[in-house]
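Sharing a structure with you now.
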Amino acid sequence: MRQSKIFIPTLKEVPNDAVVPSHVFMLRAGMMRPLGAGIYSFLPLGYRVAKKVMEIIRQEMDAIGGQEFHLPALNPREIWEETGRVEAFGDILFSVKNRDYVLAPTHEEIITYHARKVVRSYKEMPQIWYQIQTKFRNEPRPKSGVLRGRQFTMKDAYSLDSSWEGLDKSYALHDQAYRKIFTRCGLKFFVVGASSGAMGGSGSEEFMVNAQAGEDTVAHCEHCGYAANVEVATSRTPVVTRHPQSKANELIHTPNTKSIDELIAFLNIKEEECAKSRVYIIDEKPVLVLMSGNDEVNETKLQKALSSEPRPAHPEELAEITGADAGSIGPVGFKGRIIADLCLKEGNNLYSGANKNDYHIGGIDLKRDAEGIEYFDLRTVTSGEGCPSCGKEMQVFTAIELGHIFKLGTKYSDAMGATFLDEDGTEKPIIMGSYGIGVERVMACYIEQHHDERGIIWNKALAPFHIHLLGLNMKKEPVIKASEELYTKLTAAGYDVLFDDREAQAGFKFNDADLLGMPVQVIVGEKKLAEGKVEVKLRATGEREDVSLTELEAYIQKVLR
RNA sequence: CGGAACGUAGCGCAGCCCGGUAGCGCACUACCUUGGGGUGGUAGGGGUCGCGGGUUCAAAUCCCGCCGUUCCGACCA
């Protein structure tokens, strides 16, 4: 493709609205343009990448026996009423105004609808049906370019099985296919599994990548692969040691010390010697939550422990309940339920608030001074703590969900009456699974993981072109001749070549090439051409090498393997 | 949906406080120049200042309403 012909509107400056790298570069490289909040048009360069991603997905889905469908985005609302998901989705579901249709945010209902009409016998299963299509979700807050949009492309697959063992098999096939897909795309990913309870249910895995633009916070152990959403993640944290002797309570005047940091500085004690207090209101009753040192209360874990929705107490409530303001609250004399993190189990000689402003109490023995105290895992893990499964250091970071595989079971087939006749002659609901991948997210995450300050760094698998051929001075006859010949030759050799045949300054072309990020740049300049050579630059490393025209093809084959 | 910011040429921005001729850089057009990291110059084209209303002799500028976009939060099958 000649760059003088293809529409690639590159931007020198960073568009005002773009913040995360993938968004900035997709706009700057002329891959896409916005049409509205969370709505993007793909331009030729961006669409080439999308097609490569979709083709990789397609190949791996076909390899596990998937069959590609093309399903309507426009769905009769009544189908969605059958499963109660009109209500479940709420405002996320787009509705058509002048007819009773909705825009499909996913396709479980449509697949189940067809399955119920078609599938009659256990003999017709298993099936894997998939589609790669546009989905619509009325996101309250679209953000980060293509990472959270109102319209996006998704590969959705659905498995139909006659037995739970069959579902396990279909699920495992998808697990393997997903690993191949993301690996082929060059993504460094990890899997948050059901064992870690990220989704709270059984039989689901999220495929995620580490990215600053991410929306989920996860704990991940590189050594053994343990990964869990920070809402449920655990770690090996030392429990406070119980001293053989419990000291007596001691009221200490601590003016202007609200935080744990201030307290340890003021009293010259260690963080582990403090018990931090948080008051929550649960079922309209106050509960004191004690954490070791500066540990953060994990409200998801708290909710699980109390099996009820907690909310932090308001400042006025604090004063009323404890007689003190936040920063001076503690277990001694607290009227109400007291629970503590496991790290504090039976701790003694601790410091905590005195329930009297500007006072703390030392020598607290939870066993002695907090009657009826209960212990739960309530803390939020942080980077550097020990992995619960292998004990090595874990990291906590934000991540983006790229794909999700899920054992649905009979939720949809039950609701919609999609049944089959089993071998024993009984009618049973079809056992289903659903498996999604966000196509734009794969592209954007790749860029999040592979860019530098100059632009994108494509690998061969996703690059819109393999080779960027730069004719440096397109007014000089030898350069024109040589670069035109190379263009023909490399194209004939099967490479996708982007030929910068524009009449522009060398620096202009170099900067554009680095921004667009094709893996290999072949630079045709007058001086080196006189020696029968061209320069080959590898985008990933910045390495440049002069290669003679006769050896060029072999050289490219080597670096672009 | 709560909090905040922004909306002026294709893009990035100044002008607004203190009302009076709409500006800068890049991009674009023509010509010259340069030709291995966004070359230098000359001459040009391009604007309902987001929309609507109000105040005023006069509004990009002040006031009210709306819309749009982004950021933080809530939400995220």
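Below, read A as the first sequence line, B as the second, and so on, with proteins coming before strands; counting in each chain starts at 1.
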### Message
Please give the distance between the P atoms of rG10(B) and rG2(B) as a whole number of Å.
### Response
33 Å

### Rounded distance in Å between the C1' positions of rC57(B) and rG68(B)
34 Å

### Task
Figure out the CD/C1' separation between Glu231(A) and rC75(B), and round it to whole Å.
12 Å

### Task
For Asp216(A), report the nucleic acid contact type (base, sugar-phosphate, nothing); a contact means any heavy atom under 4.0 Å.
nothing

### Side-chain-base donor-acceptor pair under 3.5 Å for Glu535(A) and rG36(B)
yes

### Separation between the C1' atoms of rA60(B) and rC16(B), rounded to whole Å
7 Å

#### Entry: Worked check of side-chain hydrogen bond (donor to acceptor under 3.5 Å, both in side chains) between Gln133(A) and Asp156(A)
CA-CA 8 Å; Gln133(A) 287 179 237; Asp156(A) 245 346; over 6 Å; no

### Task
Counting heavy atoms from C-beta on, name the nucleotide in rA74(B), rC71(B), rG37(B) closest to the side chain of Pro140(A).
rA74(B)

### Residue-level proximity of residues 14-24 of chain A to RNA chain B when a heavy atom falls under 4.0 Å
Val14(A), Pro15(A), Asn16(A), Asp17(A), Val19(A)

### Query
Does Pro429(A) have any side chain to side chain contact (heavy atoms under 4.5 Å, CB included) partners at least two apart in sequence or in another chain, and if so, which?
Thr410(A), Ser413(A), Asp414(A)

#### Entry: Counterpart residues, salt bridge (Lys or Arg N to Asp or Glu O under 4.0 Å), relative to Asp325(A) (two or more places apart)
none

### Message
Holding to side chain to side chain contact (heavy atoms under 4.5 Å, CB included), I want the full list of residues that pass it with Gln176(A), two or more places apart in sequence or in another chain.
### Response
Arg179(A)

### Query
Which part of the nucleic acid, if any, lies within contact of Ala88(A), taking any heavy atom under 4.0 Å across all strands shown: a base, the sugar-phosphate backbone alone, or nothing?
nothing

#### Entry: d(CE, Met474(A); P, rG36(B)) in whole Å
14 Å

### Query
Would Lys509(A) and Asp500(A) pass as an ion pair if we require N to O under 4.0 Å?
yes

### Query
Roughly how far apart, to the nearest Å, are rG47(B) and rG54(B) at atom C1'?
24 Å

### Task
Using the P atom on both, measure rG12(B) against rC6(B) and round to a whole Å.
16 Å

### Query
Out of Ile447(A), Val520(A), Leu516(A), which one pairs with Trp458(A) under the side-chain contact (heavy atoms from CB on, under 4.5 Å) rule?
Ile447(A)

### Any residue of residues 536-547 of chain A with a heavy atom less than 4.0 Å from an atom of RNA chain B
Lys537(A), Arg544(A)

### Task
Take atom NZ of Lys476(A) and atom C1' of rG36(B), then tell me their distance rounded to the nearest Å.
13 Å

### ring pair (Phe, Tyr, Trp, His ring centres under 6.0 Å) against Tyr130(A), all qualifying residues, sequence neighbours excluded
none

### Query
Could you state the CZ-P distance from Phe7(A) to rG10(B), rounded to the nearest angstrom?
14 Å

### Message
Can you tell me whether the side chain of Lys509(A) and the base of rG36(B) have a donor-acceptor pair closer than 3.5 Å?
### Response
no

### Summary
Glu484(A) meets the salt bridge (Lys or Arg N to Asp or Glu O under 4.0 Å) criterion, sequence neighbours left out, with Arg2(A)

### Query
Between atom CG in Asn138(A) and atom C1' in rC1(B), what is the gap in whole Å?
13 Å

### Query
Can you name the side chain to side chain contact (heavy atoms under 4.5 Å, CB included) partners of Arg544(A), sequence neighbours left out?
Glu535(A), Lys537(A)

### Query
When the distance from CD of Glu503(A) to P of rU34(B) is rounded to whole Å, what number comes out?
14 Å

### Query
Expressed in whole Å, how much space separates the C1' atoms belonging to rA14(B) and rU55(B)?
27 Å

### Listed partners of Glu81(A) passing salt bridge (Lys or Arg N to Asp or Glu O under 4.0 Å), at least two apart
none

### Query
Expressed as a whole number of Å, how far does the P atom of rU42(B) sit from that of rC49(B)?
31 Å

### Message
Apply side chain to side chain contact (heavy atoms under 4.5 Å, CB included) to residues Trp80(A) and Phe89(A) and explain how you reach the verdict.
### Response
CA-CA 10 Å; Trp80(A) 287 81; Phe89(A) 270 108; 3.7 Å; yes

### Query
Mind checking whether Phe406(A) and His404(A) have parallel, tilted or perpendicular rings, split at 30° and 60°?
perpendicular

### Task
Using a cut-off of strictly less than 4.0 Å, decide whether Gln505(A) has a side-chain nitrogen or oxygen near OP1 or OP2 of rU39(B).
yes

### Asp295(A) and Arg278(A) ion-paired at < 4.0 Å
no

Output one line per pair: protein atom, nucleotide atom from nucleotides 24-28 of chain B, and distance, for all N/O pairs under 3.5 Å.
| residue | atom | partner | partner atom | Å |
| --- | --- | --- | --- | --- |
| rG25(B) | N2 | Glu13(A) | OE1 | 3.0 |

### Base partner of rA4(B), which must satisfy Watson-Crick or wobble distances under 3.5 Å
rU70(B)

### Task
Return the 5'-most residue of the pair Pro105(A), Glu526(A) with respect to RNA chain B, ranking by each residue's nearest nucleotide.
Glu526(A)

### Query
Under the 3.5 angstrom rule, does the side chain of Asp501(A) hit a backbone N or O of Ser4(A) as a donor-acceptor pair?
yes

### Query
In whole angstrom, what separates Asn473(A)'s CG from rU33(B)'s P?
14 Å

### Task
Could you identify which residues of residues 429-459 of chain A place a heavy atom less than 4.0 Å from some atom of RNA chain B, listed by residue number, or say none?
Arg454(A)

### Query
According to the Watson-Crick and G-U wobble definitions, with both distances under 3.5 Å, which nucleotide is paired to rA27(B)?
none

### Message
Given the structure, check if the side chain of Arg141(A) and the base of rC76(B) hold any donor-acceptor pair shorter than 3.5 Å.
### Response
no

## Note on the structure
When rounded to whole Å, the CD to P distance for the pair Glu215(A) and rA74(B) reads 12 Å

### Message
Salt bridge or not between Glu108(A) and Arg85(A)? Use side-chain N to carboxylate O under 4.0 Å.
### Response
yes

### Query
Taking any strand in view, what nucleotide pairs with rC76(B) in a Watson-Crick or G-U wobble way, both distances under 3.5 Å?
none

### Counterpart residues, side chain to side chain contact (heavy atoms under 4.5 Å, CB included), relative to Lys558(A) (two or more places apart)
Tyr555(A)

### Query
Using the P atom in both, what is the distance from rC26(B) to rC72(B), to the nearest Å?
33 Å

## Note on the structure
Using Watson-Crick geometry (N1-N3 plus N6-O4 or O6-N4) or G-U wobble (N1-O2, O6-N3), each under 3.5 Å, rU21(B) is paired with none

